[in-house]
Trainee: 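Just dropping this structure here.
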Amino acid sequence: MGVQSIQSFVTSTLFSFFCVQVLFITESHAQLGNSTVINISPTLANTAAAPTVDRSFIGYSLEHNAMPSFLNSQILNNLMNLWTSKTGGRPGIRIGGSGMDKTTYVPDFDEPVIWTTNPSSMYLVGPSYFTLIKDYFPSDTQITFGLNLVNSTGNWSNTVDFAVAADMNLPQADLFEIGNEPDLYVQGKQRPSGWVGKDYAAEWITVANKVKEALPSARFQPAVFAGSLEDGFDLSSLVKAGINTGSFNIPTYSIHFYPQSACSGNQNLNNLIDHNTLGGQLQKFNPEIAAAEAGGARFTLAESNTVSCSGFVDVSDTYASALWLVDYTLAAATRNIDRIYFHNGPTTPYTLFIPKGASGLTAGIRPMSFGVYFLAEALALPAQGSTTKFLVTPVSLPDSPPDIAVYGLYSNKVQKPNLDVIGTTARAYTTGVPSTRTIYITNKPETLTSVSTKMIIKSVSTSTKRSTSTRIVTVTKTTRVPKRTMVRATRTTTTKNRLGNGKTTTRTTKIVYWKTTTTTVPSVTRSRSTSRRTITSLSLSTLWTSQKVTITKVISRTKPLIATTYSVSTAPKVLSSTDTSATIKPQATDIGNFPLNDGVFLARAVVLNLSRYNTSDTSVLNCRSCNGPSPEGFGTLGERNSTTVSLTGFQPNHRLKLLRLTGPGLNAKSGINVSGLAFDEDTGAVTSAPQPGNISVDKTGKVVFDILASEAVLLVDENVV
Ligand SMILES: *[C@@H]1O[C@H](CO)[C@@H](O)[C@H](O)[C@H]1NC(C)=O
Ligand SMILES: *[C@@H]1O[C@H](CO)[C@@H](O)[C@H](O)[C@H]1NC(C)=O
Ligand SMILES: *[C@@H]1O[C@H](CO)[C@@H](O)[C@H](O)[C@H]1NC(C)=O
Ligand SMILES: *[C@@H]1O[C@H](CO)[C@@H](O)[C@H](O)[C@H]1NC(C)=O
Ligand SMILES: *[C@@H]1O[C@H](CO)[C@@H](O)[C@H](O)[C@H]1NC(C)=O
Ligand SMILES: *[C@@H]1O[C@H](CO)[C@@H](O)[C@H](O)[C@H]1NC(C)=O
Ligand SMILES: *[C@@H]1O[C@H](CO)[C@@H](O)[C@H](O)[C@H]1NC(C)=O
Ligand SMILES: *[C@@H]1O[C@H](CO)[C@@H](O)[C@H](O)[C@H]1NC(C)=O
């Protein structure tokens with residue numbers, strides 16, 4: 001990896017970091033056949049960028065008169081404990097529903113609660129009722145307690161007595177509701193026509209003030225509307241009418257939600273799981289959520305289920321309802337809805353479980369409870385005692401296909417590079433990826449000296465001398481007589497180093513030598529008359545110059561010389577997440593570590609394929625706690641197709657846990673499980689723990705998995721704490 005590729009590595013990391021708000025999905029059937037491409041942003045801008053999901057997000061709503069049936073069974077307790085063991089929060093209990101407006105407290109009554117029709121349909125509650133509830137639920141259970149607004153006899157004196165008795169005898173009592181679905185009172189002939197939101201507000205304020213007088217710290221959950229939002233039965237009207245946090249202790253306002261109704265005949269399994277239909281239904285709560293928040297409170301759906309008026313066989317008790325529950329609750333959480341309480345009756349079609357055999361039904365766990373468990377896994381704490389909460393965002397899809405829903409869940413903890421991902425315990429990660437290192441050649445300023453020498457020799461001039469003598473001589477040899485002179489010359493030049501990390505000083509020294517060479521060349525002539533030899537000597541002198549040039553180069557580095565960065569391919573190596581030494585600082589691609597920026601990282605993703613698939617396997621069309629299917633048998637849609645999903649957003653090379661909420665078909669009432677989870681149907685205890693699969697994120701940050709039509713997949717990165 002050269003500098004070029006380092007740059008592109010940094011750029012792509014930054015790209016993914018800054019791309020925080022871009023959540024998108026691209027379906028590219030044309031290019032990838034049957035595969036669906038989902039891109040989730042790996043980080044959120046900050047912990048305020050998405051709503052935080054309450055740890056007690058799911059609760060159970062039960063009627064006063066049904067409490068003995070539910071509390072005479074371990075199922076509710078076991079299901080609540082299971083949620084708590086995963087998420088660290090305990091599901092809340094809301095005791096209310098239409099029965100709360102039929103309830104009279106009878107202080108000398110022996111029974112906990114009975115239903116009588118004489119003189120009219122009413123529930124009579126005695127003091128042992130509180131003991132029953134107090135003993136069943138753990139002390140940290142928050143109970144929302146429903147009070148009667150309809151029966152105003154004695155200026156609501158019985159309602160106030162009931163509230164005071166609950167406060168005294170039920171330590172788990174947390175909030176009071178006064179009146180159930182007052183927006184239906186006129187229709188139910190409990191109030192005269194023309195009785196509207198402001199009339200409700202006036203009555204509510206009267207009762208709440210009386211309760212407050214007796215119990216100064218009483219907390220209330222007002223509204224409790226069925227949800228038409230007409231005639232002033234909306235939250236901004238209530239706030240204006242005086243039901244507000246300025247006058248009362250109001251942590252939450254509640255409205256009820258059922259996507260379908262058995263009273264109006266619109267029960268339809270196919271529509272129930274349509275993601276876009278759900279979006280439209282939740283949209284109407286936006287002004288209500290805003291009004292609650294503007295008043296300093298939260299918005300809660302304290303009574304909810306698939307089909308109002310007790311549910312509908314073949315819709316509410318099927319696997320479809322479990323998928324709906326996952327989509328619905330996560331969609332609600334993305335809208336900052338505080339909590340959702342699912343309404344249950346001991347034998348109703350929409351109950352999440354049958355606590356005790358009755359009315360021809362056997363005790364057992366219904367499909368929706370598997371949806372609750374799947375959600376508990378999605379919100380499961382990364383470690384025991386963790387303070388992590390999850391932020392949830394919807395991943396919106398171009399063209400909004402109705403058959404797929406995707407949610408990203410982020411940890412509210414800012415993950416840090418080099419973070420020890422499991423708290424204080426060191427954890428080893430294996431890396432086998434090429435990494436780029438900066439190598440320090442020297443870390444000290446230094447001086448380097450180099451010397452080079454060269455010799456230049458040349459002839460400067462030549463002179464001749466002649467002399468004559470008459471004698472007999474022997475011929476002499478050439479003699480050279482060198483003579484020396486020396487001239488020194490020094491010049492120094494200084495230039496900046498190319499690297500800019502020091503100076504180069506060049507010192508040039510010239511040493512010049514002079515040399516004379518004399519050569520004597522004799523020539524001999526003989527006289528004819530005398531026979532004498534005349535010797536003539538010719539002396540040649542040459543002046544030579546010889547230059548020796550010495551160049552001394554002195555490189556003075558005022559800064560350390562650092563070699564350029566280059567890449568090394570490291571063999572797989574175990575890094576300790578607590579090791580902070582520079583040389584093995586974990587890289588972005590190391591398992592268990594994060595890019596070199598702090599951030600709020602994707603921790604979980606939920607993908608639901610809501611494409612409708614019915615089964616024709618009659619052995620799964622009923623369950624022991626369900627009513628038989630009616631009509632029996634319905635066509636299937638043929639082959640159950642599977643889609644390959646290619647999802648990005650998790651950290652490269654991380655290993656993810658994969659869980660599936662699966663069932664034989666939308667219409668099935670049994671054979672449903674979350675990665676093999678099974679319950680004891682009599683007690684609700686887990687008899688077979690889920691066996692999650694695992695899947696690796698590749699080095700580009702992509703995971704690929706298959707999802708069946710009508711199935712939900714949960715991916716969990718356990719390294720995001
Ligand atoms: C798409 O899925 C169907 C049924 O599962 C299969 O028959 C078909 O070959 C798949 N097409 C591609 C392009 O993979
Ligand atoms: C009911 O109680 C309220 C306040 O406690 C009081 O203002 C009102 O007069 C009472 N109404 C009757 C009919 O007693
Ligand atoms: C209304 O409450 C009174 C007690 O205040 C009780 O005697 C009466 O039976 C209740 N009526 C109904 C219809 O519940
Ligand atoms: C399954 O895929 C095949 C091939 O794409 C298609 O013809 C068939 O309608 C699909 N079945 C369902 C139930 O979607
Ligand atoms: C959901 O699954 C069906 C059946 O496999 C498939 O045809 C459809 O494309 C999937 N939807 C998306 C959006 O992936
Ligand atoms: C879980 O459900 C799948 C699909 O319906 C089924 O194949 C599998 O046998 C079930 N496992 C258990 C333990 O019930
Ligand atoms: C699936 O079965 C239900 C009955 O439980 C039926 O109402 C629905 O129309 C069927 N859906 C499809 C797509 O066949
Ligand atoms: C991952 O799944 C494979 C089988 O698919 C299993 O052999 C392996 O033990 C699993 N690893 C972990 C860490 O759960």
Side-chain angles (χ1 to χ4, degrees), residues 24-30 32-39 149 152-160 163 178 202-214 260 265-276 306-307 311-321 323-324 327 349 367 395-406 607-618 620-623 626-647 662-670 704-713:
F24 57 94
I25 174 170
T26 328
E27 259 200 88
S28 43
H29 289 272
L32 289 165
N34 293 343
S35 83
T36 295
V37 177
I38 299 171
N39 296 310
L149 182 68
S152 58
T153 308
N155 212 349
W156 291 283
S157 60
N158 194 268
T159 295
V160 178
I178 305 166
E203 291 191 13
W204 188 94
I205 289 168
T206 300
V207 180
N209 272 327
K210 286 172 182 291
V211 172
K212 210 171 101 174
E213 221 169 89
Q260 301 181 4
N266 72 331
Q267 324 86 27
N268 182 305
L269 180 146
N270 294 336
N271 290 352
L272 182 68
I273 59 154
D274 187 300
H275 180 63
N276 292 346
T306 46
V307 183
F312 197 77
V313 172
D314 295 348
V315 175
S316 306
D317 55 355
T318 60
Y319 171 58
S321 65
L323 289 173
W324 166 80
D327 192 14
V395 179
S396 50
L397 327 170
D399 303 333
S400 305
D403 69 344
I404 188 161
V406 183
V607 179
L608 293 124
N609 183 307
L610 301 166
S611 173
R612 294 160 193 143
Y613 177 78
N614 271 355
T615 180
S616 59
D617 177 356
T618 52
V620 295
L621 295 182
N622 203 355
C623 75
C626 302
N627 287 100
S630 52
E632 269 191 70
F634 5 75
T636 66
L637 285 177
E639 188 187 356
R640 188 175 196 176
N641 288 343
S642 173
T643 312
T644 300
V645 175
S646 159
L647 182 149
T662 191
L666 290 177
N667 53 344
K669 300 181 184 180
S670 57
V704 177
F705 57 92
D706 288 334
I707 188 167
L708 289 173
S710 307
E711 193 175 56
V713 166

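Counting starts at 1 for both ligands and their atoms, in listed order.
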Trainee: Between Arg640 and Ser710, is there a side-chain heavy-atom distance shorter than 4.5 Å?
Mentor: yes
Trainee: Side chain, backbone, both or neither: which applies to Thr36 and ligand 5 if a contact is any heavy-atom pair less than 4.0 Å apart?
Mentor: side chain
Trainee: Do Asn266 and Asn271 touch side chain to side chain, with heavy atoms closer than 4.5 Å?
Mentor: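 Of all side-chain heavy-atom pairs linking Asn271 with Asn266, none is under 4.5 Å.
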Trainee: Which atoms of ligand 5 are found less than 4.0 Å from any heavy atom of Asp403?
Mentor: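 Counting atoms of ligand 5 from 1, those under 4.0 Å from Asp403 are 1 (C), 8 (C), 10 (C), 11 (N), 13 (C).
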Trainee: Only one of Thr206, Ile178, Thr159 clears side chain to side chain contact (heavy atoms under 4.5 Å, CB included) with Leu149; which?
Mentor: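 In the set Thr206, Ile178, Thr159, the residue that makes a side chain to side chain contact (heavy atoms under 4.5 Å, CB included) with Leu149 is Ile178.
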Trainee: Any side-chain heavy atom of Thr318 within less than 4.5 Å of one from Leu666?
Mentor: no
Trainee: Check Asn622, Asp317, Asn627 against Lys669 for a side chain to side chain donor-acceptor pair (under 3.5 Å) and give me the one that passes.
Mentor: Asp317
Trainee: Look at atom 4 (C) of ligand 2 and say which protein heavy atom is nearest, naming residue and atom and giving the distance to 0.1 Å.
Mentor: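 Looking only at protein heavy atoms, the one closest to atom 4 (C) of ligand 2 is Lys210 NZ, 3.8 Å.
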Trainee: What protein heavy atom is closest to atom 6 (C) of ligand 2, reported as residue, atom name and distance in Å?
Mentor: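 The protein heavy atom lying closest is Asn155 ND2, 4.1 Å.
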Trainee: Under 3.5 Å between any N/O of Asn270 and any N/O of ligand 7: does that happen in this structure?
Mentor: yes
Trainee: If you measure every N/O of Asn614 against every N/O of ligand 7, is any gap under 3.5 Å?
Mentor: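 Looking only at distances, the answer is yes, because the N/O contact criterion of under 3.5 Å is met.
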Trainee: For Thr643, counting its heavy atoms only, list the atoms of ligand 5 lying under 4.0 Å from any of them.
Mentor: 1 (C), 2 (O), 3 (C), 4 (C), 5 (O), 6 (C), 8 (C), 10 (C), 14 (O)
Trainee: Write down the atom of Thr306, the atom of Ser321, and the distance for their closest heavy-atom approach.
Mentor: CG2-CB, 3.8 Å
Trainee: List ligand 7 atoms under 4.0 Å from Asn667, heavy atoms only on the residue side.
Mentor: 2 (O), 5 (O)
Trainee: For atom 3 (C) of ligand 5, which candidate among Asn609, Asn641, Val37 provides the closest heavy atom?
Mentor: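 Nearest heavy atom to atom 3 (C) of ligand 5 lies in Asn609.
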Trainee: Is there at least one protein heavy-atom neighbour under 4.0 Å from atom 9 (O) of ligand 2?
Mentor: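 No, there is none.
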Trainee: Can Asp274 and Arg612 be said to form a side chain to side chain contact (heavy atoms under 4.5 Å, CB included), step by step?
Mentor: CA-CA 9 Å; Asp274 187 300; Arg612 294 160 193 143; 3.6 Å; yes
Trainee: Provide the number and element of each atom of ligand 7 under 4.0 Å from a heavy atom of Asp314.
Mentor: 5 (O)
Trainee: State, to 0.1 Å, how close His275 and Leu610 come at their nearest heavy-atom pair, and which atoms those are.
Mentor: CB-CD1, 4.0 Å
